[in-house]
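Labels below follow one simple rule: chain letters A, B, ... track the order of the sequence lines, proteins then strands, and each chain is numbered from 1.
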Amino acid sequence: VVPTLPDWAIQVLQVVSVLTLAPLIGGLIARAEARIQQRQGPRVLQPYYDIFKLLHKETVLPDPAGPVFRAAPYVSFAGYATVPMLIPVLTSFGLPLGYMGDILGGGLILGMASFVVSIAAIDSGSPYAQLGSSRLRSFGALNEPTVIFVIFVVALTTHTDLPYVLGATLRSSAVEVVRPSHLLIVAAFFMLLLTETGRIPVESHGGTLEFGQIEEGRVAEHSGPGLAFLRWGSTVKQLVLYVIFANVLVVPWGLAADGRLDHVLEAIALLLAKAVAIGALVVVIECSFAKLRLYKVPEFTVASFMLAVLAVVMFLFAPSFGAVRLSVFGAAATITAVVVLLLELGMLRSQDVWEQLRLYSLGSTVVAALAFATAASGHGGSSLYVLGAVTIGLKALLFPIGIRFVLRNLEADPRVPSSIGVPSSILIAVALSAFAFVVLRPVHIGGEAALPLEALPVAVGGVLVAFVLMVVRPYAPSQLLGFLALENAVSVASLAIAAGLPIILALLLLFDVLVGVLVFVVLVQYLAVARTAVRTDVLDRLTG
Amino acid sequence: MSWALFAILGLPLIAVTVSVADGWRAAQVATVVAGLGSLGLSIAVALSVEHGRGLHAAGGWLRLDPLGAVFLVTTGLLYAAAAVFSVGYLHLDEPKPDFSRFARRYFALLNLFGWTMLLVPLASDFGILWVAIELTTIVSALLVAIDRTDAALEASWKYVLIASCGLGIALLAIIVLYATGTHALGDSYIPRFARFAAHGAMLSRDAVRLSFVLAVVGFGTKVGFVPTHTWLPDAHSEAPAPVSAMLSGALLSSAFYAILRFFQVAVVAGQRSFAEHVLIVFGVISLAAASLFVLRQRNYKRLLAYSSIEHMGVIALGVGFGAPLAVAGALLHVITHASAKGLAFLGAGSLLRGYDSKEVDDVTGAATAMPWTGPMFLAAALALCGLPLSGVFRSEFQIVAGGFARPQYVGVALLLVFVNLAFFGVLWHAGRMVLTPAAAAATSSRSDGAPGERSAWMIAAMLGCLFVVIALGLHLPTALSTLISHASHLLSSPAR
């Protein structure tokens, strides 16, 4: 007979499991990154050793430090340790203290915990620590509206803002998870998570102190047990955000439905698995992107805020076709449409043509995956497999390689000029996506009330964003990539609404890309011959 | 008679093969034969479908009905004129090095361009139609860039970029239409025009509207509707003159033909008045913007390009007015505009060869310096302004009369205002070029001699176009009016 744990025991276990697992996640991420970068890296358990070591060291206080400085590590750690009581960590049912505060309350406690550290940095009198805290405050100002909008959307979807109930509502109607608005807030929250945990592209984590550091810079003056609690606290904060991301927004499944010991242990194991999965994603991002220059960081946070705003618009204008069923095809189509849109926004942000090529290639892969998923779920003929295979071959491999080859031969400058600033272009792109969504909302193609109908407006938004990409970049390869991204968006739209796509439409799509690239490559060559550069903003002779 | 459809498509391809495989002299001969042959065959098949019977070939993949025949004849006419004109136009480049390669490439592309445009009205489904129009973009972009000057490359780049995006949107229109058709026609079917016409009532109203708007925006990019017209003046001014004539007269109308096919579906699905409103809006905007731009042009080929946008606006308005008289007028306008604009662009090409400049200010006294080209260019300008004796007068008159019959007073009033504005602009510039006395000093310093006629081939091609312009103004052949009335019947609801 398996014993059943009382609620208070689970409540304690909830906090204890977060506090004990948190350094492990940090250690795993650091180790994985090191291995990918061909380094030996620290031991996985190193964070525990560090905390243990620091706890036995003496505290050295800077001259001007007062009681605020001394209390800050403990107050902030207490804050981080309180939040796990409010969120569904292990159980799907609410625990006694779970209704102490709603998700805003949790957010405020997290904010308070970070705030006291900033105050302490000022109290320390060290300019380096103050620089970190003032940067954190000024960038953080843009994070808070994102949090509010994310909470808006979830609260509007579920008519509540209690974390336990949010998760429960999503569990009961899984279709909400793959709504475009929800997918967008997931993206926005993930970007927020990267910012808040001090990850690339905002901040390089760990190691030596650097001038550009924000989070790490703030704690420069702390030492001894205080520093131990700050370090521990920041890993707890990271795990808490991962838990909110997983158990409230993305996969509110795999929690214990009752107090039986084996169910609870299973939930702890799954918690670890989810956190490791998110950590793996973070590792991939940390290893494939460079840190943004400091003054570019607001672009990143603004982008996440824009996504949250777009999510609210898409939520408010979501088409209502009555009860919608969740199907593999519907979910795949919507996710693909949103991912293609996000990748286009990434291309819009990128200043580097190689990065744009990678993003385009990734987008094509996603489109191909949609083709496979559609065929596998029985929504289209087997010709879709061919389409998927050809999409991978041409759009994900051949074209990017071909364009790379041409650019290398031309010795083109990989920096992509932009005629307007990145935040403005993202603002325009988001406005256009919202416009497409609002305009196409009432259009009913006819047929079943299935989910992919929401994918069409998103994909059309992607078409418009591709236009922006072509307009704001006076650079021939980028314009070509914009055109190809447009093709991808059109492909998603056609797969979403005409999944029973006969080979003729498949041919049309591929034909378009094929000839497009043919002519574009010829013209890029021509342009190169004509002026040894591939910029197109010098093309201003013909006007009027 | 269905063998003729294959012959129409076969002739240009043979000419392409000859151009690629053999010398440039053979290419010239083949091009002229293919051009004139296509024109003759087009007229022959048009006569055979004039009473509304459709022609089928290749297991239904090729099909010609009266509506398509109107556009087929238009394309044939421009193709023939451009083929003949090209012989004289290229003749002047002969001393240049590498002429042989250039001429062979030029003729191969010209014939391929003709072939793609002849394929457009012969397509029987939206798929082939779209592919054919996409092909016209690729081939003509290469033709626009053929001179490899900076300006030509710039024009070509803009053209490919903008037109490809437009066709991406047009593809979306086809996909939406296709998606809504699956409920009536089964999961996988060939999107033939005839099938939509038969099952129009079962299509979703929203989807038909959406696809029509997407089609007008997408194909409208190639038609030259404002605001997606920006590639058009550049491409028209930088392309070789015969290519400009084909672009303006045939390519724009081919794209408009695609819109008409969507219009047909909208009519059958009961969305006629919505579609008419869309066309009126785009027509008025294009007409207004283009007529204002005509006034300020300094380059006469750009002037003619803006005039093309204006005339496409007139055609859109004619279909948008909806009265049978106006629709017939619009279809007639496709032919009359093509012949007049063909004449004008060929004349412009001849002037360019004579004066070696595209600027209005550099061309003076064309009436005396070029006794054939000058008057014919002026005649083309007068015809484009819609003066009586020209076919354009007849078609514009029909459109206006049809608009009053509907009644669409606002649209007609705007049409008259802007057509007159363009009238003023075109005539002002053309009159200055042809009628002012020659500035002797400016011309004497030229290396290649004084301005003058360069080739009899060019004059012959222009005379052909002039003949069509005047003939259609003086007398409308019965066969043509029957053809057009059957074609306009296809664009009106079967219930009516």
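Atom CZ of A:Phe435 is surrounded by 12 or fewer heavy atoms from other residues, nucleotides or ligands within 6.0 Å.
With values rounded to the nearest 0.5 angstrom, B:Ile169 atom CD1 is found 7.5 Å from A:Leu464 atom CG. Here B:Leu161 contributes atom CG and A:Leu480 contributes atom CG; the two are 9.0 Å apart, rounded to the nearest 0.5 Å. Rounding to the nearest 0.5 angstrom, the gap separating the CG atom in A:Leu456 from the CG atom in B:Leu210 is 7.0 Å. One distance of note links OG of B:Ser164 with CD of A:Glu487; it measures 8.5 Å at 0.5 Å rounding. Atom SG of B:Cys165 sits about 4.5 Å away from atom CZ of A:Phe467, to the nearest 0.5 Å. In this structure, OG in A:Ser494 is found 7.0 Å from CG in B:Leu171, a value given to the nearest 0.5 Å.
Neither the backbone nor the side chain of B:Leu203 comes within contact range of chain A, judged by heavy atoms closer than 4.5 Å.
For the pair A:Leu486 and B:Gly168, the tightest heavy-atom approach, listed with the atom from each and the gap, is CD2-CA, 4.2 Å.
Between B:Ile175 and A:Val490, the closest side-chain pair of non-hydrogen atoms falls below 4.5 Å.
Remark: B:Arg298 engages B:Asp361 in a salt bridge (Lys or Arg N to Asp or Glu O under 4.0 Å) (not counting sequence neighbours).
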